[in-house]
Trainee: 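First the structure, which I've put down as C-alpha cells, then a few questions once you've had a look.
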Protein chains: 2
Amino acid sequence: MIGSRLLYMVTLVLGLNSFLIGQEHPNLLLTAEGVSRIKDECCPRLYQEVLDKAILEFASVLEAPMEVPIPKDMAGGYSHETHKRNYGLMRTAGMLFQITGEEKYGNYVKDMLFKYVELYPRIDKHPSRKSYSPGKLFWQCLNDANWLMYTAQAYDAIYHFLSLAERRTIEEELLIPYADFISIENPKFFNRIHNHSTWGNAAVGMIGLALNNKELIQRALYGLEIKKDISLEKDNDGGLIYDGDRAIAGFFAQIDYAFSPDGYYEEGPYYHRYAMLPFMVFAQGLNHHMPELKIFEYRGGLLIKAVKTMLAQTDSKGEFFPINDAQKGMSIAAGSVVTAVNIAYANSRDKEFLLAAQLQNKVLLDQSGFEISKALENISIAGLQRSSTEMKDGKDGNKGGLGVLRWGGGSEEFNVVYKYTSQGLGHGHFDKLSYSIYDGPTEVLQDYGAARWVNIDQKAGGRYLDENQTWAKQTVAHNALVMDQKSHFDGIYDVAKSGYSIPIYFNAANRDLQIISAKDTMAYKNHDLERLVVLWKDDEFDKPIVIDIVRAFGEEAHDFDLPLHFAGQFLKADFKYQSNDPEILGDSHGYQHIYQEAVAKIENPSISMTWLKDQKMYTLTTKSEINDEVILARIGANDHEFNLRRDAFMIHRKSKAINPSFISVIESHGSYNPVTEIPHQPYGKIKSIESILESVEYSVFDLIDVDNNKWRVCINHYNGESNAIHKIEIPDGHKISWTGPITINKLKN
Amino acid sequence: MIGSRLLYMVTLVLGLNSFLIGQEHPNLLLTAEGVSRIKDECCPRLYQEVLDKAILEFASVLEAPMEVPIPKDMAGGYSHETHKRNYGLMRTAGMLFQITGEEKYGNYVKDMLFKYVELYPRIDKHPSRKSYSPGKLFWQCLNDANWLMYTAQAYDAIYHFLSLAERRTIEEELLIPYADFISIENPKFFNRIHNHSTWGNAAVGMIGLALNNKELIQRALYGLEIKKDISLEKDNDGGLIYDGDRAIAGFFAQIDYAFSPDGYYEEGPYYHRYAMLPFMVFAQGLNHHMPELKIFEYRGGLLIKAVKTMLAQTDSKGEFFPINDAQKGMSIAAGSVVTAVNIAYANSRDKEFLLAAQLQNKVLLDQSGFEISKALENISIAGLQRSSTEMKDGKDGNKGGLGVLRWGGGSEEFNVVYKYTSQGLGHGHFDKLSYSIYDGPTEVLQDYGAARWVNIDQKAGGRYLDENQTWAKQTVAHNALVMDQKSHFDGIYDVAKSGYSIPIYFNAANRDLQIISAKDTMAYKNHDLERLVVLWKDDEFDKPIVIDIVRAFGEEAHDFDLPLHFAGQFLKADFKYQSNDPEILGDSHGYQHIYQEAVAKIENPSISMTWLKDQKMYTLTTKSEINDEVILARIGANDHEFNLRRDAFMIHRKSKAINPSFISVIESHGSYNPVTEIPHQPYGKIKSIESILESVEYSVFDLIDVDNNKWRVCINHYNGESNAIHKIEIPDGHKISWTGPITINKLKN
C-alpha cells in the first residue's frame, strides 16, 4: 500500500503543475460542462423536484434578513443552527446561481461571505469548551469543517462573479485563515485516522481546490508534518495518529485505514453513513479538478466499493442494520447517503446505485444528482435484486467479516445478517457470531442497536446512555452465545479491541440454499465458538427458512445461554412453562437488565414457539435436551430512568454442558390482517428437529413437518467448496453422500 | 315509533300489489337502468380497477373445477371456506354477467346453483354443534344467512338467463327451503334484536325480493309471529326478543332498536361496522324493488345517519376508535364498510361519504360503487374536513352519548373521543367518562381495546380471552377515574347494563375551542363523577392542546386513581420518582395485571411528564397536591399466557380525598426524525398549572409556559350555551366575566 501511495504522490506533483496554467470555475461538484448539460437537458423528475424546492425555499430566504450571529450556542442553539443553515444556503445559492444564471443567488453568496469576512477576525475559539477541539463558529471543529466544505462549493460557484479584489479579501481574510485554523492550529482534530479528521482533510482540501491553493491541497491529502507527540496519539474514540514512528494522516491515509479492502467500515454502517460524505465530496472535487489523480480508482476503486458496502448493510426499506452502536431507523434517506450514492453513480454508472436512489427518491442539486435522476428515467432496474455478500473486516481484510444473505427483492427482500467482524473500535458491541433476520421490513430477530436517543435532550442530553454499556453492548443483548453469563472478552474493550472472528466459508452460489460458517477463538478463554447460518428457500414454504447452528468447544463443562431477540408478541409454545413475577436474572454483563417472566424445564428433544411481529407470524423450532431451560424474558430491569425498550426475548439455556450444540430453525410462515381478521398460516409447518449425526465436521438432522414429512439436512462445517464431495455413514448404518457444504432433501415417506 | 311502523306497514301492503304486475331483473343492488349507465359511462378509475380485478379473477376461476363439498368444517376449514368463497364468486359472476353480457358468467352461476340444488336435500344441520343455531352449509346460521344474501343477488342477476323450469327448481328446491330453514326453523337466530338476526332478516328478505315472494318479504320485515317463549328471551349477547308482551322482530324492528336516533350503535363502532352491511344491502334491494317504501327515509333517515355515525367513530386513518370490545386496526377498509359507504352515498349524495371512499380507495362492483367512483372524479372534496360530533346513545337517545372533537383534517386530523354512553351490552367496558386522544394516526392516550386476538388460534382459538374480563373491561384499563381501586358498577355487567352517563353539554361551535361536559351518577354508589374535555387550538401552539378536568363528588373520603394510558416511551418527568422491581398493584378489578415500575410522592402543586410515541413528543401537565402519588406502571402482571400488550401507563393517585379534582393539560408538541436525528420541540411549552378558583360551577386556572406567559382558562361546568354570560369574583378580589362555557385568554405580563 505504501508503494501505491508513493505512486499517487508522484502523480499529484505532476498534477500540481496544472495550477500554473490557470483553472476553471466551477470545478468542485459542478463543472462548466455539467452545468451546461443540466441547462440543456433539464429536467428529469427527481432533479426537477429538488430544483423547484430550492428555488421555492430561496423565494423566502431572499426576503428574510441575513443572520450571522456571534457564536455562542451548542448544537440545537440559535447561533449553532443559524451558521449551520447558512452554509447549506450558501451552497444551494451557489448552485442555483450556476444553474439559473440569476444574479440574486450570486449576490446572496457574496453578501454572506462578506458578513463572515467581517465576523471572522472578531471571534476567538468558541466559548463552549466541551470538545477536545473547539471550533470558531461551532463548539467543535467538526462543524467548522462542515462549514468550510460547503462554503468552498459556494465560493467556487460564484468565483467568476467576484472581482479580483473581492476574491483576495475573502480568501485571505476568511478562507485561508479558517482552513489553517482547523488544520495547523488543531492537529489533534486534523491529523488522526478518524472520521472527524476525514472531515477536516476534506474541508481543507475543498478550500484548496476552490482557491487553487497547492499548499492546502497537499495538507489535505497527506496531513500535517508534525513530530510524534504522545498527547496526540489517542483520542476518545481510539483513533491513532502514528503507525510505529510514521505519521499517518491526510485523505489518502483515511482511505487506506478507514476501510477494509472490501470497503467495510470498522465501526459499522451507522458510522459509515456518517463518515462517507467527506470522502465522496472531496473525491468528486478532486476528480473534477485533478482527473489525472484517478481518485476513484485509488486502492482498487475503494471509494465506490465503500459506498456499495455501506448500501449492502441495509434492509429492504433502506434502514441500516443496527450493528454496533447505531440508532435504529437511520437509513439511506440520510443526506450523506444521497450524496454518496449520487457521486458513486456518476463515477461508476453501476446499476446497484440506482436501486438505492429509487428508494431514496431524492437527489442532489449538483450534476451527479442530475445524472442519476436522468438514469432513473432511462435505465430499467425492474426486477433487479441485491446480491448476498460477504464483507471482510480489517485494514487488510483479515479480521473477520460481515455476511449478508439475501433472497427475493424489493419490499419483500429477506435478509440474514451474520456478524463475525472485529470489535468495531469504541462503538463495537461484545457480540461475536451474532446474527439477525429481516423479513422485508420486519426484524424477525433483532439487534437491539445502541441504548441512546440521539439528540433527545431528555435522555442524557441525547448522548450515549449508561445502559449502552451495561445493556446494549453486552453479549446477552444480542443473538449471540453467552458462556457462564459473562460477555465476550469479559466485556472489556481493551481486551476486545484486538479480537476478531474468523470466516470459515461463505457460499451463496445457490440463491435457494446459502450458507455462512464462521468461528471465534478469542471471545472466551479456552473455548472456541462456531456458528453456521443457512438461508433455505423451498417451494413448499412461502418464505425462506433460516437454519442456525451454534456450537462451543472446550474441555470443561460450562453454562451456555443462547438468547433469541424476537421482540414480538409471544403467541404459543409447545413446551410447558411456568410464569412468574418478574425476576432479575443477574447482576452484571447485561443480566441485571433482564426480567425472567417465565421459565420452562425442557423434557423433549425438540421444542418450538411462535410469535407475532408486525402482523406476521414466526416459529422457532430448536433441538433440545432434557434439563435444558427456556427463559421467557424481557428487557427492563434496573432501568431506573426508563431508557430501554421493554422488548421480549427468550434464552435457551444449557447448564454444565460440554461442547454444546444448538440447532434451530426459524420459519417465517404466517400473517394476520386485522381488517379481514383472517390469519394466513398461523402455525409453522416444521414442528420438530431430529438429530441424526453430530460430529465436529458434520451435522446431519431431519426437519419434520406437521404431516410428518421429513427434510434431511446434511452440512459440512468447514468446507464451503461447492464441488467438494462428502461421504459419511450415519448411525443407522446408511451411507450418505452429497456435494457442497450443505444439502437438504425431502425424504420419501 | 309504533305509529310510524304501522304507517310503513300500510305502505308495504300497497307496495305488495306491485308484485302482481310483474317484476324487473336485476333489481337488488343492480338495476337494469344502473347496468345500462355503467355500460354507457364506463369507467371511472376505482370502478375500472374492481372490474378488471373481477374479470382477472374469473379468468382462473372459470378454468378451475367447481367445488361444492359436503359441509364438515368450522371456520377456517376447507368446506367452510369453500362455501364462503362460492357465494362471493356467484355474486361477482352475476354482476359480471350483467355488466359484460358474457354468458360464461351466467353459466357459472347457473352451474353452481344447480350443484347446491343437488347438495341441499342431502344435508342435515351442520355436524358441528358449537353454535346456538347450527346452519346447513356452515356451523352457524349466521354464515348461512351470508350465503343466502349473496346468492339472492347472483340469482337475481341471471334470472332472465334461466328457463322457467330452471327457476322453479332453484327456487323450490333450494332458495325457499333454505330461507325457511334460517327463519322458521331457527327462531332464536331469526327473531331477536341482534346483529345475527339482522343478517337473517336481510337474507330472507333478499331471497324474497329476488323471487318476488311476498311471504318471505313480510317475514323479513316483521319477523316471525311466535308466541312468547321464555327459552328464546335472551341469547348470550343479551339481545331481547320481547318488549313486554309484544314480539319485537324483523328488519324494521332492528332499525328501531339497534340504533339510537343519532344512529349510534350501542356496542360501539367495532360491532357497528359488522352489523351495518345487512342493513344497507337489504335496504338497497328494498329501495330498488319497492321505492314507495322509502326505506332510507325511515325513522328520520336513520340508516344513512347510522353510516355517518359509524364513520364519525374513526381516526384520521379510518381506524375505528377501539371503545368497548374491539380489535385495534379494524377500519373502514373492511368490506362491510365499503358496502355501507357506497350504498349510503348512492342514496344521499352526501360528500362526507366521499371522504371515506377516498381513504378506502376501493368500491363495490355494483352500481353504487360505480356512482361513488364517478363522484370521486367529478366532485372536489379537497380541504373538506370532518366535523366534531356528538352521538346520543340509547334507543330513544336518552342514555348518554359519545362526543368526538376534531381539529384539522386529512392525515393530520386531531381527535378527542369522550365516552359517556350506556354500557354497550355484553361487549361494553366499565369505562364511564373515559376518553382518548388521537394526533393524526397516533394514539396519544389509548383505549386498550379488547383482550382478544381475533381468529388467531394460538390465543384461545381467537376468542375473547380471560384477560378481556379481568383486564380490558376494567375501569383502570381506561383513561377513567377509579374509586377505591374498584371498577365502575363493581365490574358487574348485570348492574352496569342499565347504567348510563349523562351529557351536560357539547359545544363545538368554535373549532379552536371546543368543549364537552358530562357526568355519571351510577358508576359508584353515593358518588357522582364529572369530566370535562376541551380541545383548544392557539396560534402559539403547533397542535391542539387538550384540557381535561375530572371531578368526583361525595360525602366521604375515598381513594381515587386517574390512569393515563400513554403507551409510549417515557422520556422524563419534572418530579422525583423512585423506581422499583415490578410490584403488582392489587388482586382484582384489573389491578392484578398492573406492575408498578416506579412511584413518586408529589411535593409540588403541578407536575409534568413527557413521552415519545410514534416519533412524536407529548407532555402531560397536571395540577397536583402534596401527598398525591404518581405510579409509573405497566400492563402484564398475572398474564401467564402472554396475552396482553406490555404497554406503559401512569396513575395519578389521590388517597383519602373528598371531592377530588384533576386538572390536566396534554400538549402535543414535538417530533423526532431518526434519519436527520433532529428533535423538533422536544419540550412542551406549558410547564405548570396554577389553580385560581374551583367551585362546583366554575373552574378558573392558569396555564404557565416556560417563558412565564400565562393563559387564563375560565370554565363553567354546567352551562354550555355559547351566549351565556358568566361573572365571578376570584380569590384575589378581581371580577372576571366571559361569554360561553369556556374562555382562554393570554394574560398580559
Side-chain angles (χ1 to χ4, degrees), chain A residues 75-76 81 273 319 327-335 337 453-459 462 569-573 577-584 595 597-598 610-612 615 617 632 634 636-648 670 672-679 682-683, chain B residues 75-76 81 273 319 327-335 337 453-459 462 569-573 577-584 595 597-598 610-612 615 617 632 634 636-648 670 672-679 682-683:
Chain A
E81 295 304 320
R273 165 272 323 173
E319 292 188 6
Q327 171 161 278
K328 286 192 180 180
M330 178 53 74
S331 84
I332 63 169
V337 186
W453 305 83
V454 182
N455 291 333
I456 295 185
D457 190 50
Q458 287 98 332
K459 292 298 186 195
Q569 172 70 39
F570 172 89
L571 287 181
K572 201 166 193 172
Y577 52 85
Q578 185 61 44
S579 73
N580 52 258
D581 294 343
E583 284 172 24
I584 299 175
Y595 287 126
E597 297 191 323
T610 301
W611 64 94
L612 182 76
Q615 306 288 12
M617 278 104 152
L632 297 175
R634 191 170 303 274
N638 286 302
D639 175 23
H640 304 297
E641 301 296 334
F642 298 90
N643 287 337
L644 298 173
R645 302 191 305 268
R646 296 312 200 250
D647 295 337
Y672 182 68
N673 181 331
V675 173
T676 62
E677 301 187 326
I678 296 172
Y683 289 99
Chain B
E81 295 304 320
R273 165 268 328 173
E319 292 189 5
Q327 171 162 279
K328 285 192 179 178
M330 177 55 73
S331 84
I332 63 168
V337 186
W453 305 84
V454 182
N455 290 333
I456 295 185
D457 191 49
Q458 287 99 330
K459 291 298 185 196
Q569 173 70 39
F570 172 90
L571 286 182
K572 200 164 191 174
Y577 51 86
Q578 184 63 43
S579 74
N580 53 257
D581 294 343
E583 283 171 25
I584 299 176
Y595 288 126
E597 297 190 322
T610 301
W611 65 94
L612 182 76
Q615 306 287 15
M617 278 106 154
L632 296 175
R634 191 170 304 275
N638 286 300
D639 175 24
H640 304 296
E641 301 297 333
F642 299 89
N643 287 336
L644 299 173
R645 300 190 305 268
R646 296 309 200 253
D647 294 338
Y672 183 67
N673 181 329
V675 173
T676 62
E677 301 187 326
I678 296 171
Y683 288 98

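In what follows, chains carry the letters A, B, and so on, assigned in the order in which the sequence lines appear, proteins first and then strands, with residues in each chain numbered from 1. The model shown is predicted, which means the values in this text are computed figures rather than measured ones.
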Trainee: Chain B heavy atoms under 4.5 Å from A:Ile584: which part of the residue, side chain, backbone, both or neither?
Mentor: side chain

Trainee: Which heavy-atom pair separates A:Val675 from B:Met330 by the least distance, and what is that distance?
Mentor: O-CE, 3.2 Å

Trainee: Passes side chain to side chain contact (heavy atoms under 4.5 Å, CB included), A:Tyr577 versus B:Phe642? Steps please.
Mentor: CA-CA 11 Å; A:Tyr577 52 85; B:Phe642 299 89; 3.9 Å; yes

Trainee: Would B:Leu612 and A:Trp453 count as a side chain to side chain contact (heavy atoms under 4.5 Å, CB included) if you check the C-alpha gap in whole Å, the side-chain angles of each, and the deciding distance to 0.1 Å?
Mentor: CA-CA 11 Å; B:Leu612 182 76; A:Trp453 305 83; 3.5 Å; yes

Trainee: Show, in sequence, the C-alpha distance, side-chain angles and deciding distance for A:Glu597 and B:Arg646, and conclude whether the side chain to side chain contact (heavy atoms under 4.5 Å, CB included) test is met.
Mentor: CA-CA 12 Å; A:Glu597 297 191 323; B:Arg646 296 309 200 253; 3.6 Å; yes

Trainee: Using non-hydrogen atoms and a 4.5 Å limit, figure out which bit of B:Asp639 sits close to chain A: side chain, backbone, both or neither.
Mentor: neither

Trainee: Contact part of A:Tyr683 toward chain B, heavy-atom cut-off under 4.5 Å: side chain, backbone, both or neither?
Mentor: both

Trainee: Taking side chain as everything from C-beta outward and backbone as N, CA, C, O, which of these in B:Ala637 sits under 4.5 Å from a heavy atom of chain A? Side chain, backbone, both or neither.
Mentor: neither

Trainee: Where does B:Glu583 contact chain A at under 4.5 Å (heavy atoms): side chain, backbone, both or neither?
Mentor: neither

Trainee: What is the minimum heavy-atom distance between A:Gln569 and B:Leu644, and which atoms define it?
Mentor: OE1-O, 3.9 Å

Trainee: Check whether A:Glu641 gets within reach of chain B through its side chain, its backbone, both or neither, counting any heavy atom under 4.5 Å.
Mentor: both

Trainee: Using non-hydrogen atoms only, which part of B:Tyr595 is less than 4.5 Å away from chain A: side chain, backbone, both, or neither?
Mentor: side chain

Trainee: Does any backbone or side-chain atom of A:Gln327 lie under 4.5 Å from a heavy atom of chain B? Answer side chain, backbone, both or neither.
Mentor: side chain

Trainee: Under a 4.5 Å cutoff for heavy-atom pairs, which residue among A:Ala573, A:Ala75, A:Gly329 has the most contacts with chain B?
Mentor: A:Gly329

Trainee: For the side chain of B:Lys572 and the backbone of A:Lys459, is there at least one donor-acceptor N/O pair under 3.5 Å apart?
Mentor: no

Trainee: Using 0.5 Å steps for rounding, measure from the CG atom of A:Asp457 to the CG atom of B:Leu571.
Mentor: 10.5 Å

Trainee: Quick check: does any side chain N or O of B:Gln458 sit under 3.5 Å from a backbone N or O of A:Pro682, one acting as donor and the other as acceptor?
Mentor: yes

Trainee: Are the side chain of B:Asn455 and the backbone of A:Pro679 linked by a donor-acceptor contact shorter than 3.5 Å?
Mentor: no

Trainee: About how many Å separate CG of A:Asp581 and CG of B:Asn638, when rounded to the nearest 0.5 Å?
Mentor: 6.5 Å

Trainee: Is the backbone N or O of B:Val454 less than 3.5 Å from a side-chain atom of A:Tyr672, with the two atoms forming a donor-acceptor pair by type?
Mentor: yes

Trainee: Where is the tightest heavy-atom contact between B:Pro674 and A:Lys328, given as atom of each residue plus distance?
Mentor: CB-O, 3.7 Å

Trainee: First locate atom CD of A:Glu81, then atom CD1 of B:Ile678, and finally report the distance between them rounded to the nearest 0.5 Å.
Mentor: 6.5 Å

Trainee: What option among B:Ala648, B:Ser579, B:Gly636 has the most heavy-atom pairs under 4.5 Å with chain A?
Mentor: B:Ser579

